[in-house]
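Since we're looking at a predicted model, the values are computed, not measured. Order of the sequence lines sets the chain letters (A, B, ...), proteins ahead of strands, with each chain counted from 1.
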Amino acid sequence: MNECQRCRQVFADALYGSLDDSRRRSFEAHLGQCDICREEYAGLRATLQDMKKRERTEPDPAFWEGYWERLGSRMHREKILYQPRPSGPRRPSFDWLRFRMPRWAFQAGAAVLLVAVGIFIGRMWLLPPSAGVQTAVHTRGATAPSSLELASRTQNYVERSQLVLMAIVNFDRETDDPYTLDLPYKQQLSRELVQEAGWLKQGLADARQRRLQELVADLEAVLLQIANLETPGDMFAIELVQTGVQSRGLFLKMHLAEVNRPWDDLGTRTETPPKTDKTKIF
Amino acid sequence: MVSSKRGKAKKAMEAHVLAERVCQGDLSAFQGLVDQFKKKVYFLAYDVVGDHHEAEDVSQEVFIKVYRSLGSFRRDAKMSSWIYQITVNSAIDLLRKRKAKPSVTLENFDHIELQDAPRGAATAAVDPESSAEAALLQGRIEEALHVLTPRERAVFAMRHYNDFQISEIADVLEVSSGTVKSLLFRALQKLRRKLAFYRGSGSWEVNDE
Ligand SMILES: [Zn+2]
């Protein structure tokens, strides 16, 4: 092995600072007298300097904020949380609902919703006839619901949906007995409510109750999920429903409703009744 | 130095405590673990695969694998090395799978927009000429990285873009420091040839020293 070969063998060590003193001395001595090795080494160092100029794209802060949500959605989608693990420690339970919100929060949320809807429906009921809720009759004709009927059926729908959802959301998959849930009965109720939701959505759309219409639709989506559960004993299916409630932000919507008080709009709206093709019902 | 070592030791202990809690079903502990490692994992993946969406995909796969295998994780092992090992292996797998797909070539590079246009400092330049030059430089660097094998690229990215010491890389890859150094050296020689090619083309001097 000649001097140049020996010198090139320590290039890597020289570049990454792991030459001991005596090797460094002989390395530098050779570079001092060999143009070829000196040039070769300088070229590698320059390349390293060039490559270090690389600038990496930083993701937006929103990327990091949403990171956990996206990871969780994927883990749910890919059913990672219920892979069987034959041995080892207990598999971590992936309960986004209870993790993100304690159980009392759901109960509080549901209470808020019931109160909100109650206030809203109460107002509908108590408003004087002259300020009554308008509904379109020109196209719907005889099928258009009266606001009285709409109000009572909406209230009924929301209350019954709540009962079903609360039972499932509060079901603790770790400790509760699945049979106490009586899922077949809840599924029957859900099917009935899904049918009812179709009628309500139309009525609420005509009455321009967009928020309430959306709430009915959101509840309907989760009820549909419950109605379509194929394996009622499967904890994952139940978890999916719990996630459905969460992913639709139902409890957040209730909270927002509490803050924004959409039912307050009703008073304003009834003071300026829509002009054309509307008939007062009261 | 001492305080940094102590900080590292504390973090390592935290990771173990978090792992233990995740195994006991504590989801917030898993979130803690993800929060602690998500940036390092994402950036390492990004530096190896060179694409934002794929990097996120890889980083998610990493955490999914971590979640699935925490139970079998050796208590005496170093959590961070284990997580980065999964990251590097996942990123390398992706690069190998991608090989069939056409990549950006030198010929068409100047005519396409960078998929992830760098924000901040890179685009802050007001002078359009110097900003075009900077973009060209960045493009050539990315292009040069394509000549490396997935393993060389991973090692190079760890050392030069993610502040891993050679001994840490050796831990992550479960090889000797000598192997790491020779991978780095081989990578550097390839990069040098590639950049020399650009320099030879005369349109752009990559080395301004
Ligand atoms: Zn020589």
Side-chain angles (χ1 to χ4, degrees), chain A residues 8-18 40-60 63-78 80-81 83-100 173-174, chain B residues 20-31 34-35 38-39 42-43 46-47 52 56 59-60 63-64 67-68 70-72 114 116-122 134 137-138 140-142 144-145 156 159-161 166 177-178 180-182 184-185 188-189 191-192 194-196 206-209:
Chain A
R8 276 153 206 236
Q9 275 200 324
V10 298
F11 271 3
D13 282 333
L15 284 164
Y16 290 104
S18 45
E40 180 73 16
Y41 184 67
L44 288 168
R45 283 193 60 167
T47 301
L48 208 46
Q49 293 311 310
D50 290 337
M51 292 308 291
K52 283 179 183 172
K53 289 177 189 157
R54 175 174 178 264
E55 283 167 6
R56 175 206 262 164
T57 311
E58 296 280 334
D60 291 327
F63 173 81
W64 297 119
E65 282 157 23
Y67 188 90
W68 173 247
E69 284 295 328
R70 294 191 302 277
L71 174 64
S73 306
R74 177 171 170 180
M75 290 176 83
H76 269 286
R77 213 166 46 241
E78 296 181 5
I80 279 147
L81 313 164
Q83 297 286 323
R85 179 186 287 191
S87 61
R90 193 160 72 93
R91 178 164 30 81
S93 107
F94 218 72
D95 190 337
W96 295 87
L97 280 168
R98 254 174 297 123
F99 163 66
R100 295 177 58 81
R173 298 187 313 276
E174 300 279 348
Chain B
E20 189 56 46
R21 279 171 49 202
V22 176
C23 288
Q24 286 164 1
D26 182 345
L27 184 62
S28 67
F30 182 59
Q31 187 181 16
V34 171
D35 278 343
K38 66 183 178 192
K39 289 196 177 181
Y42 167 83
F43 283 126
Y46 178 79
D47 292 335
H52 169 78
E56 179 174 21
S59 71
Q60 287 183 346
F63 290 118
I64 288 169
Y67 180 81
R68 278 176 160 162
L70 262 182
S72 54
L114 280 171
D116 289 316
R119 284 181 285 274
L137 169 69
Q138 293 304 315
R140 297 245 151 120
I141 289 173
E142 292 300 329
L145 286 168
F156 194 83
R159 178 67 191 95
H160 295 296
Y161 304 133
I166 285 173
S177 289
V180 173
K181 270 188 276 185
S182 63
L184 282 169
F185 188 58
L188 201 54
Q189 284 178 308
L191 292 168
R192 187 192 175 195
K194 187 73 180 172
L195 294 182
V206 76
N207 179 27
D208 57 8
E209 278 157 301

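The shortest side-chain heavy-atom distance between A:Glu58 and B:Phe43 falls under the 4.5 Å cut-off. Side-chain contact between A:Met51 and B:Leu195: present, with at least one pair of heavy atoms (C-beta onward) separated by less than 4.5 Å. Under the 4.5 Å side-chain criterion, counting only non-hydrogen atoms from C-beta, A:Arg70 is in contact with B:Glu56. Considering only heavy atoms from C-beta on, A:Lys53 comes within 4.5 Å of B:Leu137 through its side chain. Annotation: side chain of B:Glu142 is in contact with side chain of A:Arg54 (closest heavy-atom distance under 4.5 Å).
Atom CZ in B:Phe185 sits 5.5 Å away from atom CG in A:Leu44 (nearest 0.5 Å). Interatomic distance, CG of A:Leu71 versus OH of B:Tyr67, reported as 10.5 Å (0.5 Å rounding). One distance of note links OG1 of A:Thr47 with NZ of B:Lys194; it measures 13.5 Å at 0.5 Å rounding.
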(request) Could you check B:Phe30 against A:Met75 for side-chain contact (heavy atoms from CB on, under 4.5 Å), going step by step and ending with a plain yes or no? (result) CA-CA 13 Å; B:Phe30 182 59; A:Met75 290 176 83; 3.9 Å; yes
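With a 4.5 Å cut-off on non-hydrogen atoms, A:Leu48 touches chain B through its backbone and its side chain both. Contact of B:Ser59 with chain A is made through backbone and side chain together, with heavy-atom distances under 4.5 Å. For B:Asp47, the parts lying under 4.5 angstrom from a heavy atom of chain A are both the backbone and the side chain. Of the two parts of B:Phe156, only the side chain, counted from C-beta on, holds a non-hydrogen atom closer than 4.5 Å to a non-hydrogen atom of chain A. Proximity to chain A is limited to the side chain of B:Ile166, based on heavy atoms less than 4.5 angstrom apart.
When all heavy atoms are compared, the tightest approach of A:Trp64 to B:Lys38 is O-NZ, 3.3 Å.
Using a distance-only test at 3.5 Å, with no hydrogens or angles considered, no donor-acceptor pair links the side chain of A:Arg74 to the main chain of B:Ile64. At distances below 3.5 Å, not a single donor-acceptor pair connects side-chain atoms of B:Gln31 with backbone N or O atoms of A:Trp68.
A distance of 6.0 Å or more separates the ring centres of B:Tyr42 and A:Tyr67.
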